[in-house]
Amino acid sequence: MHLLASRTANGEILVRPLDSSGRPSEPATLLAEHDFPRYALRQEASAPRWVFEDTSRIYPILLGGGVKVQRGHDLRLCHAILRLSAATQSSELARAEPNRWDRAPALEPQAAEPGSTLFDLVFDDDTVENDSTEEFRRQLEAVATCADPGRLRLLLAAESAGALIAAEMQFAGLPWRTDIHEGLLTRELGPRVAPGIRPERLEGLAQVIRRELGDPHLNPDSQPDLMRALQRVGLEVSSTRAWELQKLQHPVIAPLLDYKKLARLLSANGWYWMDTWIVDGRFHPEYVPGGVVTGRWATRGGGALQLPKQVRGAVVADTGWKLVVADAAQLEPRILAALSRDTAMATAGRGTDLYAGIVASGVVETRDHAKVAMLGAMYGATTGESGRLLPQLKKAYPRAIELTETAARAGERGDVVSTRLGRSSPRPGERWLATQAQAYHPGATDADERRARSQARDWGRFTRNFIVQGSAAEWALCWMAEIRRELRLLAPRQFDSGRPSPGPVFAESPHLVFFLHDEVIVHTPAALADDVEQIVTRAAATAGRHLFGDFPVDFLLTVATVDSYAEAK
DNA sequence: CGACCCTGCGCG
DNA sequence: AAAGCGCGCAGGGTCG
């Protein structure tokens, strides 16, 4: 059973039951917004799949009303996948003119208060293309008529589960101790100062830098000024990047590197950041599922996917609770091994650190070499150490390396590549095609050809990486969806249909609070931490089976139950 | 003044 | 141009 829930022009919620092919089956129900959670909770007894036009816009109403749902289908996200997927190119959906389902969602951040601003899904033009019921039917049909529906079906389910999880994680927030964060800032930067003023320690370092560079008015935050000042004292730099400065011998270097480090802390995660993003002891970033072309998530605001290790000590479980932090070890190379069915490479990672396994197999000398060679293979490195190590890797793991090279060649030609579950890479743009065409033009110059070749290789590196990064993102979605499903079984109380009035969704039971590409954090009552660890571990194996069947590849995790995020690895 | 680009750096 | 992918964000600087 599907329940399509959408918002009407006057702010009510319209729920339309649909049958398995997406056709309206029973009469629709019209609800006031505040009645929606209670209604949804009743429906949950039969575990419907909720069809949302945009999960991030409508699900917060339910969460705010104390209701989590089990299953979802996000029309906007699934449309994006099906529109581009090579597997569904002949479908009605893919061949239709661009319509409202292709338009980017409104970019303004959501209001913190769920349900206060949700106008963007209301459309005046009641055309067939814009109707959600029709769109859902087109999506089901596109999947059903493609060559291998199972994979896409899984992808759409995983993507949609991701949308539910993203909304839930934003709603729940990551536990954040502002007192600990403040302590760190004061220790590193000095006492808090008003915005625009340099904290004590930064000002002190700025003075030292000015003295060493003989420029009493230098603003170390100005890259051009700093570069000129460095050159004036005879330091030949072409940039002011930390890694480049590190190589130089001069008394200004040490204080300058300190300055950069601290200036970064201040601007990225200083007091202003804390005031903006931490509300009632929780960090509530907005996750954007499908925000990256490869299918990875992005975030909007707060820089949640760049939380520096430096400040992770402020992420602390509530009293009586724990954080279960789990990280997929060497995820992308394992994905590559499975994608290419390279049993030798899969064997190297069986029950052990994959890079260590590669060393143990005698392929390269050190773990560091194994890592840099693997990354180079997946990113398309040609020079340097990883370029030199590639032949050894190729000899040991021909199937895996072959797959990356095939993907690169496809991209160089301008072809599309696809992930394990069928997410396809975007086609190169007009400019790319024009540059390639120019190189084949009779009057093409050497420069034209060089440019075209270099651009083709760039796109090849993109498609090479796309299949691995994108398939890894799919694994991670399946992993998380499975964790979520099992966590619910672990603490079923608030979902039981017998409970007549919904309560706070995250007050009592373990729930996901953070996701970072190949890493999750579950916030859990301490007594359940062991169960959560098992769930997370089991879910990794399940995700592997969902993607790769019985191909014998391990997806190892490092799992830790901790009080503070900083304690994990 | 805002819009935009550039540089640099954090994360995977 | 940090060898080699994908991001977000802040601050300086320039331009209209």
Side-chain angles (χ1 to χ4, degrees), chain A residues 107 109 195-196 198 202 218-228 237-247 256-257 259-270 272-273 276-277 285-312 327-333 335-336 371-390 404 407-408 411 417 419 425-426 454 457-473 475-476 514-520 565 569:
Chain A
L107 280 180
R198 269 202 194 91
L202 269 181
L218 174 70
N219 173 12
D221 294 319
S222 165
Q223 190 265 351
D225 289 2
L226 183 57
M227 187 119 100
R228 273 190 293 272
V237 287
S238 53
S239 81
T240 63
R241 293 180 176 88
W243 64 264
E244 193 166 340
L245 298 179
Q246 238 150 27
K247 299 184 292 198
L256 185 50
L257 291 175
Y259 182 92
K260 282 173 156 288
K261 192 81 188 156
L262 293 179
R264 169 76 191 186
L265 173 64
L266 175 65
S267 76
N269 299 100
Y272 180 75
W273 179 89
T276 309
W277 295 104
E286 183 187 353
Y287 296 93
V288 186
V292 178
V293 274
T294 58
R296 275 188 173 182
W297 289 12
T299 56
R300 207 149 37 207
L305 301 185
Q306 305 139 257
L307 262 194
K309 299 217 158 76
Q310 210 178 6
V311 303
R312 292 184 181 182
D327 176 310
Q330 308 93 40
L331 177 59
E332 293 197 347
I335 291 288
L336 174 60
K371 182 173 179 174
V372 82
M374 274 308 315
L375 291 178
M378 293 184 298
Y379 294 161
T382 53
T383 63
E385 190 162 54
S386 71
R388 277 196 300 281
L389 292 166
L390 189 63
T404 66
V417 297
T419 60
S425 62
S454 146
R457 286 206 200 95
D458 288 348
W459 197 255
R461 282 194 302 278
F462 166 62
T463 52
R464 172 199 295 267
N465 187 247
F466 183 93
I467 55 167
V468 179
Q469 187 183 120
S471 300
W475 179 91
F514 195 58
F515 171 53
L516 189 51
H517 307 314
D518 59 359
E519 178 177 345
V520 298
Y565 190 16
K569 75 171 179 187

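Naming convention: chains lettered A, B, ... in sequence-line order (proteins, then strands); numbering from 1 in each chain. No hydrogens, no waters, no symmetry mates; every other heavy atom, side chains included, goes into these values.
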Reading nucleotides 3-12 of chain B from the 5' end, what letters show protein touch, with B for base, S for backbone sugar-phosphate only, - for no heavy atom under 4.0 Å?
----SBBBSB
Could you tell me how far B/dC6 sits from C/dA1 if I compare only their P atoms? Round to whole Å.
10 Å
With sequence neighbours left out, the residues meeting ring-ring contact (aromatic ring centres under 6.0 Å, His included) with A/F462 are A/W459, A/F466
Under 4.0 Å, counting only non-hydrogen atoms across every strand here, what does A/A298 touch: a base, just sugar-phosphate, or nothing?
sugar-phosphate
Have a look at A/T383 and say if it touches a base, only the backbone sugar-phosphate, or nothing, with a 4.0 Å heavy-atom cut-off.
sugar-phosphate
Determine the interatomic distance between C1' on B/dT7 and the same-named atom on C/dA2; round to the nearest Å.
14 Å
Can you check whether A/A377's main-chain N or O pairs, donor with acceptor, with A/R464's side chain at less than 3.5 Å?
yes
Does A/T294 reach the main-chain N or O of A/Q469 with its side chain, forming a donor-acceptor pair under 3.5 Å?
no
Please classify the nucleic acid contact of A/G302 as base, sugar-phosphate, or nothing, using heavy-atom distances under 4.0 Å.
sugar-phosphate
Flag for A/R198-A/Y259: side-chain donor and acceptor within less than 3.5 Å
yes
Which atom pairs, one a donor and one an acceptor, fall under 3.5 Å between side chains of residues 378-385 of chain A and the rest of the protein, sequence neighbours left out?
{"residue": "A/E385", "atom": "OE2", "partner": "A/H369", "partner atom": "NE2", "Å": "3.1"}

Can any side-chain N or O of A/R461 pair as donor or acceptor with the backbone N or O of A/A408 at less than 3.5 Å?
no
Would you check, one step at a time, whether the test side-chain hydrogen bond (donor to acceptor under 3.5 Å, both in side chains) holds for A/E286 with A/T299?
CA-CA 6 Å; A/E286 183 187 353; A/T299 56; over 6 Å; no
Over all strands shown, is A/V293 touching base, sugar-phosphate only, or nothing at heavy-atom distances under 4.0 angstrom?
sugar-phosphate
What's the separation between atom CD in A/Q330 and atom CG in A/D518, rounded to the nearest 0.5 Å?
10.0 Å
Whether the side chain of A/W273 engages the backbone of A/S267 through a donor-acceptor N/O pair (distance < 3.5 Å, no angle test) should be reported.
no
Identify the 5'-most and 3'-most nucleotides of DNA chain C with at least one atom closer than 4.0 Å to a non-hydrogen atom of chain A.
C/dA1 to C/dG13
Donor-acceptor check, side chain of A/S425 to backbone of A/V417, threshold 3.5 angstrom: yes or no?
yes
Using a heavy-atom cut-off of under 4.0 Å over every strand shown, decide if A/G303 touches base, sugar-phosphate, or nothing.
sugar-phosphate
Applying side chain to side chain contact (heavy atoms under 4.5 Å, CB included), can you list everything that pairs with A/S471, at least two apart in sequence or on another chain?
A/I335, A/L339, A/T419, A/R420, A/E474
Could you write out DNA chain C as dot-bracket? Rules: Watson-Crick or G-U wobble, both distances under 3.5 Å, brackets [ ] for crossings, | for pairs with another strand, dot for unpaired.
....||||||||||||
